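Computed from a predicted model, the values in this text were never measured in an experiment.
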Amino acid sequence: MAFADVLKTLPNRHAGDGSGRFSQEIREIRTTRLFHQVQGNFIANLLCTIAFLWVFWSSVPLTSLLIWAGYAQTVNLFGVALVRARKVNAAKYSNERWLRLFTAYGVGDATTWGLAAFVFIAPNDPILTLFVMAILLGNVAGGTTSFVSHFPVLVGFILCITLPLSVRLLIAGDTVFYALAGLVAMYAGIMMNLGIRFHKNLMTSWRLQFELQASEGALRESRDSLEVRVAERTQQLREANDDLKKSEALYRAVVEVQTELLCRFMPGGRLTFANDAFCRFFDTDRANLIDSEFLTTDQQGGLWPASEAEKILRSVSSLTPSRPTGTCETCLPGPDGRARWLMWTHRALFEQDGRAMEYQSVAIDITQRKAAEERIEFIAHHDALTELPNRLLFQKHLEQTLHAPRQAHELTAILLFDLDDFKHVNDALGHYYGDMLLREMANRLQSCMRDGDVVARLGGDEFGVIMTRVGSTNDVAAMATRVLEQLDRPVAIDGHMIGVGASAGITQYPADSDDPGRLLKNADLALYRAKSKGRATYEFYSQDLANHAERRLELISGMRDAMDKDQLHLVFQPKIRLQDGRVIGSEALLRWVHPEEGFISPGEFIPVAETAGLSVAIGDWVLREVCSQLDKWRKDGLPLLPVSVNLSATQFTDRSLIEKVRTTLTEFSIDPALIEFEITETAIMNDLDLAIEMMQGLVDLGSQLSIDDFGTGYSSFGYLRRLPITELKIDRSFVMDIAESEEDRSILRAMIDLGHSLDLKVLSEGVETQEQYDLLTSIDCDHAQGFLMSRPIKADAFADVLRSGLPKSETVSEPVSKPALVTSDT
């Protein structure tokens with residue numbers, strides 16, 4: 001294929017300047033050239049192979065001859081396949097890939113003839129040796145011509161033939177062969193030199209050809225483009241010349257109807273042109289403006305406020321020939337007297353010596369954009385619902401307040417207010433009512449504040465207050481009380497009276513800390529304490545709160561490992577039937593023995609577990625331990641009695657609870673009737689419908705349910721009728737004083753009658769004296785549990801109870817308090 005034909009097949013693209021220019025095109029033409037030239041080598045190689053077989057058939061060992069011939073034709077066939085593959089699928093065998101395969105073929109072909117030197121050189125037959133040398137050196141000459149465009153194959157081909165040939169002649173060990181080896185080496189050097197020169201010349205020729213082609217193309221494109229541009233420009237000039245007068249009139253009309261303010265003025269500030277929009281904005285006639293010094297800064301009540309005129313003058317005075325345009329913003333009174341923001345774009349025209357000769361200015365009204373920017377800035381730092389500062393701005397105010405100078409006796413107080421039971425408003429009435437309630441609470445909070453105090457909505461139903469210039473702690477307490485009273489008043493929203501109240505946490509600077517982050521944390525700790533004390537109150541930060549928080553973190557960290565490190569165990573407190581004193585079951589209670597601290601009270605760690613999200617895992621562990629213990633007692637041949645297991649409020653909202661219970665009972669083959677679940681009224685009333693669903697699921701498994709701590713929550717005959725329960729457990733607080741208080745006895749009797757009217761058994765907790773026992777028996781209480789009968793005991797001790805019953809124990813008069821969570825008791 002001719003070079004010109006090859007050029008026609010290539011795209012006119014450039015790989016870049018420098019050494020990489022036209023590298024892709026050269027690679028393509030090299031590939032095409034090799035593709036066409038190598039096809040003739042296959043026949044020549046085949047003929048040479050046949051000639052060698054014919055000449056050396058009887059003088060060379062047949063095995064060596066056939067191995068060499070086989071290798072030679074294998075390489076030859078590889079070349080044929082390579083050419084065929086590119087013909088069939090040129091896209092798959094791209095230039096890069098095909099050149100790599102071709103390099104392998106070229107080196108393989110040269111190796112064929114290099115091996116021929118060892119196979120066919122015959123030291124005892126100079127004629128045959130010269131014949132072989134002639135063939136091999138002829139191949140070198142032919143290969144140099146064929147592979148000159150591909151330098152790696154060129155060098156490899158020459159060396160892979162001449163180097164083995166020289167070595168073979170040297171091995172022959174004869175002076176003549178030494179001379180022949182030297183001639184071969186010289187021949188190789190000559191061919192290498194010629195090949196390198198030819199290769200360089202060929203590359204240079206191709207690059208020049210491509211550059212010439214590219215230049216011709218660029219010239220043609222430039223010429224065509226220039227001709228088009230000349231024609232277009234000629235037409236434009238002709239049209240411009242025809243429409244010059246029309247254009248001037250149109251220009252004036254366009255300028256006059258523009259809403260932007262257009263003007264031209266001299267470097268001294270003398271106005272030379274102003275459009276109608278400019279005149280309307282300043283509410284004056286053009287005659288009063290033209291030639292006026294409208295940018296003078298000494299005007300009093302004139303066209304421009306002096307400060308805004310200075311902005312224009314500073315902006316235009318900074319323009320230079322290299323930077324002839326500039327912008328500035330001014331705030332001027334508009335025709336209606338309201339402030340309007342204008343953004344000016346100035347362009348200066350300069351003399352040849354660099355002096356400004358005129359300024360052209362365009363002004364657009366950006367008042368709305370300014371308002372939008374201010375709104376965006378406001379939104380970024382304020383709560384969208386209440387328009388109070390948000391947490392980010394609150395923190396900035398706090399930092400500024402702490403760095404501001406103050407009197408030695410002045411305090412700064414940070415108060416956090418959190419609405420109580422706000423979630424129930426959203427859940428019961430919807431977010432609309434919740435939003436309306438938040439707005440009203442924000443307004444009330446602001447109405448209580450003094451000038452200079454900062455009120456912010458920090459998120460959700462939490463508000464923050466910064467009180468500065470506070471004289472004493474009593475002033476802060478008075479403010480907190482006033483705010484809580486305001487927030488406690490019910491709010492009327494669309495016919496609904498909504499009351500939530502609030503709790504507050506307070507910290508003071510510099511008494512508690514001088515770090516903003518630490519102060520917010522202190523206030524949050526105080527708020528948490530206020531809520532835990534019953535809500536609707538406030539709490540000041542103290543070091544005890546910090547210690548309590550640290551203790552809470554220690555307990556959380558310790559509880560995460562307690563189950564895995566065998567620090568938790570169960571004890572069992574018997575339940576007895578009052579009429580005959582027989583043991584009818586027990587309650588499983590959780591105990592934690594820390595390896596360093598020893599016994600940790602359930603009243604301390606169980607509330608922490610509930611708030612830290614660990615109660616579900618602990619509850620699952622307790623259920624497994626109870627089932628495992630029942631299985632052990634059964635294997636020991638002991639009679640089994642039901643065991644009560646407490647469920648926390650968090651467990652009761654776990655949709656997988658029923659399946660967990662079923663799986664655990666199945667694993668240990670425990671009769672579901674042996675597990676009684678105790679649920680507090682508070683846990684049930686968090687979501688009554690879900691509670692009924694979960695309770696019914698447990699009953700369907702075959703377990704029984706009881707209401708724990710009955711009387712301390714939302715006692716209601718109506719909801720009790722809906723619950724699938726079998727027993728009420730009356731809280732110990734109603735039993736404690738029944739011996740001395742007729743009122744307590746009446747309340748207790750009413751609870752028992754209520755339970756019996758619903759066909760429920762009634763159990764009284766906290767029975768500690770014989771007198772309490774007798775009174776409960778006399779008013780028909782069914783069951784009892786308390787220190788009088790037995791303290792909580794370990795599993796081995798309860799096994800003895802299962803064997804022989806409960807021994808007579810002394811009355812315990814020392815009262816104990818019961819923690820509020822699930823799997824524990826005293």
Side-chain angles (χ1 to χ4, degrees), residues 380-383 386 388-420 442 445-446 448-450 452-481 483-484 487 502-533 535 537-560 604 607-608 611-613:
H381 293 89
H382 291 78
D383 173 53
T386 64
L388 292 176
N390 60 14
R391 179 178 291 273
L392 178 62
L393 186 56
F394 182 80
Q395 291 175 333
K396 289 183 178 179
H397 280 306
L398 181 56
E399 292 174 0
Q400 293 170 359
T401 300
L402 298 188
H403 288 92
R406 65 181 184 86
Q407 299 295 327
H409 64 280
E410 289 181 341
L411 300 175
T412 295
I414 294 88
L415 300 86
L416 296 187
F417 293 91
D418 189 84
L419 302 185
D420 298 331
L445 190 57
Q446 284 182 294
C448 296
M449 295 298 109
R450 310 163 304 160
D453 293 341
V454 177
V455 182
R457 183 187 176 199
L458 304 184
D461 59 342
E462 186 178 48
F463 297 88
V465 173
I466 302 174
M467 290 182 61
T468 58
R469 304 185 308 278
V470 178
S472 67
T473 299
N474 291 336
D475 296 337
V476 181
M479 174 64 77
T481 301
V483 171
L484 293 180
L487 299 184
S503 302
I506 307 169
T507 188
Q508 299 176 96
Y509 164 82
D512 296 333
S513 177
D514 58 1
D515 177 68
R518 183 65 186 180
L519 287 170
L520 287 175
K521 181 179 179 182
N522 292 346
D524 196 57
L525 288 174
L527 175 62
Y528 180 82
R529 172 63 65 86
K531 283 188 170 292
S532 66
K533 290 176 63 175
R535 306 187 176 188
T537 185
Y538 62 85
E539 185 77 18
F540 278 89
Y541 169 80
S542 66
Q543 186 58 42
D544 289 341
L545 289 179
N547 295 339
H548 178 77
E550 292 178 3
R551 175 59 176 167
R552 184 174 181 274
L553 290 177
E554 291 176 0
L555 290 175
I556 292 173
S557 177
M559 277 187 287
R560 296 188 190 279
E604 182 180 10
V608 174
T611 58

**Message:** Using only atom types and a distance under 3.5 Å, with no angle test, would you say the side chain of Asp512 pairs donor to acceptor with the backbone of Gln508?
**Reply:** yes

**Prompt:** Ignoring hydrogens and geometry, is there a side-chain-to-backbone donor-acceptor pair from Asn390 to Leu393 under 3.5 Å?
**Reply:**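 Yes: the side chain of Asn390 pairs with the backbone of Leu393.
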
State the [atom1]-[atom2] distance between [X] and [Y], to the nearest 0.5 angstrom.
X: Lys396; Y: Leu392; atom1: NZ; atom2: CG; result: 4.5 Å
X: Thr412; Y: Ile466; atom1: OG1; atom2: CD1; result: 8.5 Å
X: Gln395; Y: Leu458; atom1: CD; atom2: CG; result: 8.5 Å
X: Glu539; Y: Thr507; atom1: CD; atom2: OG1; result: 12.0 Å
X: Thr481; Y: Tyr538; atom1: OG1; atom2: OH; result: 4.0 Å
X: Tyr541; Y: Ile506; atom1: OH; atom2: CD1; result: 14.5 Å

**Request:** For Ser503 and Asp420, test the side chains for any donor-to-acceptor distance below 3.5 angstrom and give the result as yes or no.
**Result:** yes

Over all heavy atoms of both residues, which pair between [X] and [Y] is shortest? Give the atoms and the distance, please.
X: Gly452; Y: Thr468; answer: O-OG1, 4.0 Å
X: Leu519; Y: Ser513; answer: CD2-O, 3.5 Å
X: Ala413; Y: Val476; answer: CB-CG2, 3.7 Å
X: Ala502; Y: Leu487; answer: CB-CD1, 3.6 Å
X: Pro516; Y: Leu402; answer: CG-CD1, 3.7 Å

How about [X] and [Y]: do any of their side-chain heavy atoms sit closer than 4.5 Å?
X: Arg391; Y: Glu462; value: yes
X: Arg450; Y: Val470; value: yes
X: Asp475; Y: Met479; value: no
X: Gln446; Y: Met449; value: no
X: Tyr509; Y: Thr401; value: no

**Sole candidate of Val465, Asn522, Leu527 that passes side-chain contact (heavy atoms from CB on, under 4.5 Å) when paired with Leu416** = Leu527

**Asked** Should we count NZ of Lys531 as having more than 12 external heavy atoms under 6.0 Å?
**Response** yes

